[in-house]
Amino acid sequence: QVQLVESGGGSVQAGGSLRLSCVASGYTRNIAWFRQAPGKEREGVADIYVDLGRTLYAASMKGRFTISRDSATNTVYLQMNNLKPDDTDMYYCAAAPDLRATTLRARDFIYWGQGTQVTVSS
């Protein structure tokens with residue numbers, strides 16, 4: 001079993017930046033970030049296949065968000081720049097320990113963190 005702990009959320013003004021961190025309790029091949037607002041479906045943000053550093057982004061985040069990993073500490077980061085009010089959500093990281101491809105389908109991920117809130121004001 002893999003435990004995930006997110007951190008780094010907070011409140012910023014539009015145009016600002018935040019860096020989210022997700023620390024996994026053990027090695028996992030694939031970690032992704034999702035976001036979800038109350039009453040809405042969970043939305044894939046970015047995914048990284050840790051072994052190869054291969055990444056996948058949702059179209060609306062590409063160019064603003066960057067996912068990266070520190071394999072030595074089992075940590076995955078999500079750098080979010082030029083934030084917009086529409087980016088306000090709870091952000092979750094999720095792990096798929098054996099997945100050898102990138103994906104933004106929530107059903108492909110087995111383990112989930114508790115989430116960290118991001119609030120962007122205009």
Side-chain angles (χ1 to χ4, degrees):
Q1 189 169 2
V2 176
Q3 294 180 332
L4 304 170
V5 179
E6 304 100 331
S7 62
S11 297
V12 296
Q13 290 191 326
S17 299
L18 284 173
R19 189 176 80 156
L20 306 183
S21 299
C22 173
V23 180
S25 60
Y27 168 76
T28 179
R29 280 195 174 86
N30 194 308
I31 293 184
W33 286 95
F34 291 81
R35 66 186 190 183
Q36 187 173 24
K40 292 188 176 180
E41 289 189 4
R42 192 160 291 189
E43 178 185 18
V45 175
D47 179 42
I48 187 165
Y49 176 19
V50 172
D51 289 357
L52 301 180
R54 190 172 296 162
T55 59
L56 176 67
Y57 295 91
S60 61
M61 289 76 163
K62 198 169 185 179
R64 297 191 300 125
F65 292 6
T66 303
I67 190 169
S68 61
R69 91 289 196 196
D70 181 345
S71 299
T73 61
N74 293 324
T75 303
V76 169
Y77 302 99
L78 184 68
Q79 177 68 42
M80 305 187 295
N81 297 327
N82 190 24
L83 283 161
K84 306 174 182 180
D86 285 348
D87 294 318
T88 295
D89 269 323
M90 184 71 80
Y91 284 71
Y92 300 88
C93 67
D98 299 320
L99 186 60
R100 298 175 184 264
T102 53
T103 177
L104 291 177
R105 295 184 310 187
R107 66 176 182 267
D108 289 329
F109 292 85
I110 300 172
Y111 303 108
W112 293 81
Q114 294 299 308
T116 185
Q117 177 68 39
V118 171
T119 303
V120 185
S121 58
S122 58

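These figures come from a predicted structure and were not determined experimentally. What's counted below: heavy atoms across the whole structure, side chains too, no hydrogens, waters or symmetry copies.
- Chaining together hydrophobic side chains whose heavy atoms lie under 4.5 Å apart places L52 alongside Y49.
- Salt bridge status for K84 with D87: absent, with no side-chain N to carboxylate O gap under 4.0 Å.
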Under the side chain to side chain contact (heavy atoms under 4.5 Å, CB included) rule, what do S68 and Q79 come out as? Steps first, then yes or no, please.
CA-CA 8 Å; S68 61; Q79 177 68 42; over 6 Å; no
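- A donor-acceptor distance shorter than 3.5 angstrom exists from the side chain of T75 to the backbone of T73, with no hydrogens or angles considered.
- The aromatic rings of F109 and F34 stand perpendicular to each other, their planes meeting at an angle above 60°, with 30° marking the opposite boundary.
- Other members of the cluster containing L18 are V12, L20, I31, W33, V45, I48, V50, Y57, M61, F65, I67, V76, L78, M80, L83, Y91, V118, V120, with ILVMFWY side chains joined at under 4.5 Å, either directly or via other members.
- Within the 3.5 Å criterion, the main-chain N or O of A37 finds a donor-acceptor partner in the side chain of D89.
- In this structure, N74 contributes its side chain and V23 its backbone to no donor-acceptor pair below 3.5 Å.
- Judged by a 6.0 Å distance limit and a 45° cone about the ring axis, R35 is not positioned over the six-membered ring of Y92.
- Under a 3.5 Å cut-off, the side chain of R29 and the backbone N or O of D98 do not form any donor-acceptor pair.
- Counting only distance, with no hydrogens or angles, the side chain of E6 and the backbone of Q114 share a donor-acceptor pair below 3.5 Å.
- Judged as a disulfide (SG to SG under 2.5 Å), the pairs with a partner in residues 89-122 (not counting sequence neighbours) are, in order, C22-C93.
- Contact annotation: the side chain of P97 never approaches that of N30 to less than 4.5 Å [non-hydrogen atoms, C-beta and beyond].
- Side-chain N or O atoms of T119 include none that pairs as donor or acceptor with a backbone N or O of S11 at under 3.5 Å.
- Looking at P38 and M90, their side chains never come closer than 4.5 Å, going by heavy atoms from C-beta outward.
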List the steps and the verdict of side chain to side chain contact (heavy atoms under 4.5 Å, CB included) for S122 and Q13.
CA-CA 6 Å; S122 58; Q13 290 191 326; over 6 Å; no
